[in-house]
Amino acid sequence: MDALQKELLMDAFADDYMTPDAIELVARARALAPKLAERARDAERQGMVPVETVREMQEAGLFRVLQPKRWGGYELDPRVFYRVQMALAEGCMSTAWIYGVIGVHNWQLPLFPDQAQQDVWGNKSATLIASTYMPTGKAEKVEGGYRFSGRWSFSSGVEHCEWIFLGGLLPKRDGSEGFEHTTFLLPKADYRVEHNWDVLGLRATGSHDIVVENAFVPEHRTQRTNDHSDAGCPGRVGNPGWLYRIPFTQVFQRAVSSACLGALDGAITEFRSRAAAHVGKHGAKTAEDVNAQQSVSEAMMTSDQLKLVLFRNYARIVECARSGERMPVEERLMQRAQAAQVPKQCAAALSELMRACAASGTYKSNPIERIFRDVHQARGHIANNTDTYARIHGAVMLGLSNPDPFV
């Protein structure tokens, strides 16, 4: 029984969404993983996932999991997307990270007016979109749209993309006080990449800064990120499926945490292989070390438990999207906190695996060392700020108001 079969048995709702297309796509991702592992060290040195890798993912149809059928996509359940991402991460977490970040944009663009979709996919439906959603953009209203400028950090995989989503703030449409987060869509000609990604982990993601200077963004290339109404998501006219009724955060957050799960699974596989063959300088076998035995078992339990929560929570998300039920804020906040817990718990498990590798495990030749750094880097993403989201959920459960504008 392979890993996918075991996971499907674990997921009581798998029959609802693991169609023949879904099973084939996950299998293609798993088939790519060994190649990704072979390329991982060079990708890290280059600071970029190889162009060849992105081409292979495109040829395998992986970026089309969440894309509408009308644009040549599969329009599948997001759980398929996360399964693909986890499978890729078993080979290279940086590759899985940019897959998650770029691939999820094929879900958001269908919320934009149809003209924006035509702009990006009209001539080539495989065109990829990068992003950085931090609301640092400055927008000035002009006829037909906005004059837009700013600088953003952390645009993962941007060098593989022809368009980009950038965050900014606009006055609320209803005229009430305050601003709301808005996603602005720009072509490559309207921004430049500042190559400054020199960090601890996820080095191959190439998550560089983006600079925009007085670009014109037409109105149809904007979307109020947290407005889940039909008016706020005009693209639903042409893309009426339930998939595009899931709130933004419930899709995006798992796209920046699920790679950690696949990476942990890859580290477990590597550790088991290493422990079976490794004899330390003092003549002791790693497999006979009680610390190694406990570390690998606890890491496997962590992976199993986190996946159970992922699949269970997403079954509920899909149920609400299909039925039109609005999930209570307390439940949404709990799910956000649980998603943010994934990198923290994976990092803790990896810390124990690294300890059990002993001194020789810290050499760059040990893939677990890279995975350790990658997962700890992922913890720095704002969506993975574990303590913040746990506290917000706790505050609401104790009767206080919800301060999270994305939930």
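Keep in mind that this is a model prediction, so the values were computed, not measured.
- For the pair Arg83 and Phe311, the distance from NZ or CZ to the six-membered ring centre is under 6.0 Å and the angle to the ring normal is within 45 degrees.
- For the 3.5 Å distance criterion, the side chains of Thr132 and Ser155 fail to qualify, holding no donor opposite an acceptor.
- Classified by interplanar angle (parallel below 30°, tilted 30° to 60°, perpendicular above 60°), the ring pair Phe165/Phe112 is parallel.
- Side-chain contact check for Ser149 and Asn214: no donor-acceptor pair (N or O, by modelled atom type) lies under 3.5 Å.
- Applying the side chain to side chain donor-acceptor pair (under 3.5 Å) test to pairs two or more places apart or on separate chains, those with a residue in residues 374-387 are Asn385-Thr388.
- Ring-plane geometry between Tyr133 and Phe252 is classed as perpendicular, the angle between the planes exceeding 60 degrees on a 0 to 90 degree scale with a lower cut at 30.
- In this structure Tyr82 satisfies the ring-ring contact (aromatic ring centres under 6.0 Å, His included) test together with Tyr314, sequence neighbours excluded.
- A donor-acceptor pair under 3.5 Å is absent between the side-chain atoms of Ser297 and the main chain of Gln294, judged by distance alone.
- Residues Val120 and Ile129 form a side-chain contact, since some pair of their non-hydrogen atoms from C-beta on lies under 4.5 Å apart.
- At a threshold of 4.5 Å between non-hydrogen side-chain atoms, the residues Tyr146 and Thr222 count as touching.
- Using a 30° and 60° split on the angle between ring planes, Phe154 and Trp197 fall in the perpendicular class, above 60°.
- Here Glu270 pairs with nothing under the salt bridge (Lys or Arg N to Asp or Glu O under 4.0 Å) rule; sequence neighbours left out.
- Of the N and O atoms on the side chains of Arg39 and Thr53, at least one donor lies less than 3.5 Å from an acceptor on the other residue.
- Geometric assessment of Arg336 against the ring of Tyr389 yields a positive cation-pi assignment under the 6.0 Å and 45° thresholds.
- A donor-acceptor contact closer than 3.5 angstrom is absent between the side chains of Trp163 and Thr127.
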